[in-house]
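Ligands are counted one by one from 1 in listed order, and the atoms in each one are counted from 1 as well. Computation of the quantities below employed the complete heavy-atom set of this structure, encompassing side-chain atoms and omitting hydrogens, waters and symmetry-equivalent molecules.
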Amino acid sequence: MTRLAGKAALITGAGRGIGAAIALAFAREGAAVVLAELDLDSAQQTAERIRSQTGKGGARVLAVQTDVTQSASVQHAASEAERTFGQPLDVLVNNAGINMFRDPLTLTDDDWRRCFAVDLDGVWNGCRAVLPGMVERGAGSIVNIASTHSFKIIPGCFPYPVAKHGVIGLTRALGIEYAPRNVRVNAIAPGYIETQLTHDWWNEQADPAAAQQATLDLQPMKRIGRPEEVAMTAVFLASDEAPFINATCITVDGGRSALYHD
Ligand SMILES: NC(=O)c1ccc[n+]([C@@H]2O[C@H](COP(=O)([O-])OP(=O)(O)OC[C@H]3O[C@@H](n4cnc5c(N)ncnc54)[C@H](O)[C@@H]3O)[C@@H](O)[C@H]2O)c1
């Protein structure tokens with residue numbers, strides 16, 4: 001398990017869910033990982049779990065309290081990582097994100113701003129923190145966690161898909177901008193993945209059990225995905241196995257977005 005041996009990676013929102021699974025998968029593949037997370041407790045618990053499951057010492061797994069909406073906060077996490085690991089960051093995964101599912105006309109200005117601050121500005125803040133070093137060294141891989149909401153619209157989910165469409169635009173723009181410097185920028189679009197975010201959404205519905213069943217019924221594979229299944233794709237994109245994959249997006253949804261239904 002050495003597909004990321006010698007690399008250093010920063011993963012935002014890595015305290016739980018998809019980000020935690022990516023951090024664990026990266027560490028198993030030999031990377032030093034920094035968990036840049038708003039909730040420091042969860043990041044420290046996940047870091048401890050990674051250490052115990054991989055046998056890695058503290059110098060290769062780091063938890064840093066980070067708010068991706070603040071560019072200085074992400075810069076600080078990147079600097080801490082480079083200082084602790086004694087090497088520059090090779091990989092960035094912009095994973096931190098929040099759901100914001102509202103009716104457009106009753107959405108508050110604060111909710112609009114919060115959605116874009118985390119789901120789009122947060123991705124840009126991450127890129128801006130690592131790009132100068134990657135461009136200078138002529139190597140790097142950035143993986144942005146988008147969504148199938150980056151291509152499809154479900155009524156009542158506004159403005160989350162607007163921000164996630166923006167993540168694809170940002171991925172393509174930066175991928176093209178820095179391709180001559182061998183910095184690859186790609187996205188992953190997960191479909192339904194079982195995390196706290198998914199359970200929160202079901203629990204907000206009038207009948208959570210019926211909402212969960214309706215979700216499962218719409219899945220071609222009759223199940224939703226696991227965070228580890230997104231992490232496998234992130235490992236691939238971050239590794240040297242994908243040297244000519246750039247400015248694109250890989251969908252990980254069990255075929256859900258290809259399925260026609262009334
Ligand atoms: N779960 C799904 O079905 C699904 C589907 C498509 C896309 N996604 C995307 O995957 C990513 C991860 O989702 P998840 O389901 O694991 O969510 P989650 O809520 O389980 O985890 C998100 C993590 O991000 C952290 N976070 C939130 N705001 C932050 C901030 N400002 N700064 C730093 N960290 C912050 C949270 O504390 C949390 O630990 C998100 O970008 C989400 O939009 C999830």
Please set out all donor-acceptor pairs under 3.5 angstrom arising from side-chain atoms of residues 165-175, sequence neighbours excluded.
residue	atom	partner	partner atom	Å
H165	ND1	H149	O	3.2
H165	ND1	S150	O	3.2
H165	ND1	P161	O	2.7
H165	NE2	S150	O	3.2
T171	OG1	N144	ND2	3.0
T171	OG1	V167	O	2.6

Does some non-hydrogen atom of [X] fall short of 4.0 Å from ligand 1?
| X | value |
| --- | --- |
| E194 | no |
| A21 | no |
| D67 | yes |

Looking only at distance, does [X] have an N or O less than 3.5 Å from an N or O of ligand 1?
| X | value |
| --- | --- |
| R114 | no |
| E37 | yes |
| V68 | yes |
| G17 | no |
| K164 | yes |
| I18 | yes |
| T69 | no |
| S42 | no |
| D39 | no |

Between [options], which one has a non-hydrogen atom sitting closest to [atom]?
| atom | options | result |
| --- | --- | --- |
| atom 5 (C) of ligand 1 | S147, G191, G126 | G191 |
| atom 28 (N) of ligand 1 | V118, T148, D121 | V118 |
| atom 2 (C) of ligand 1 | I188, I224, V252, I193 | I193 |

Worksheet item: Nearest to atom 23 (C) of ligand 1, what protein heavy atom do you find, and at what distance?
Response: G13 O, 3.5 Å
Going by atom type alone, with no hydrogens or angles, which donor-acceptor pairs under 3.5 Å involve a side-chain atom of residues 134-142 and a protein atom two or more places apart or on another chain?
residue	atom	partner	partner atom	Å
R137	NH1	G133	O	3.2
R137	NH2	L89	O	2.8
S141	OG	L237	O	3.0

Discussion item. Using the ring centroid of each side chain, check whether F158 and F101 are separated by less than 6.0 Å.
Written reply: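 No - the distance between ring centres of F158 and F101 does not fall below the 6.0 Å cut-off.
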Worksheet item: Atoms of ligand 1 less than 4.0 Å from T198 heavy atoms?
Response: 1 (N), 3 (O)
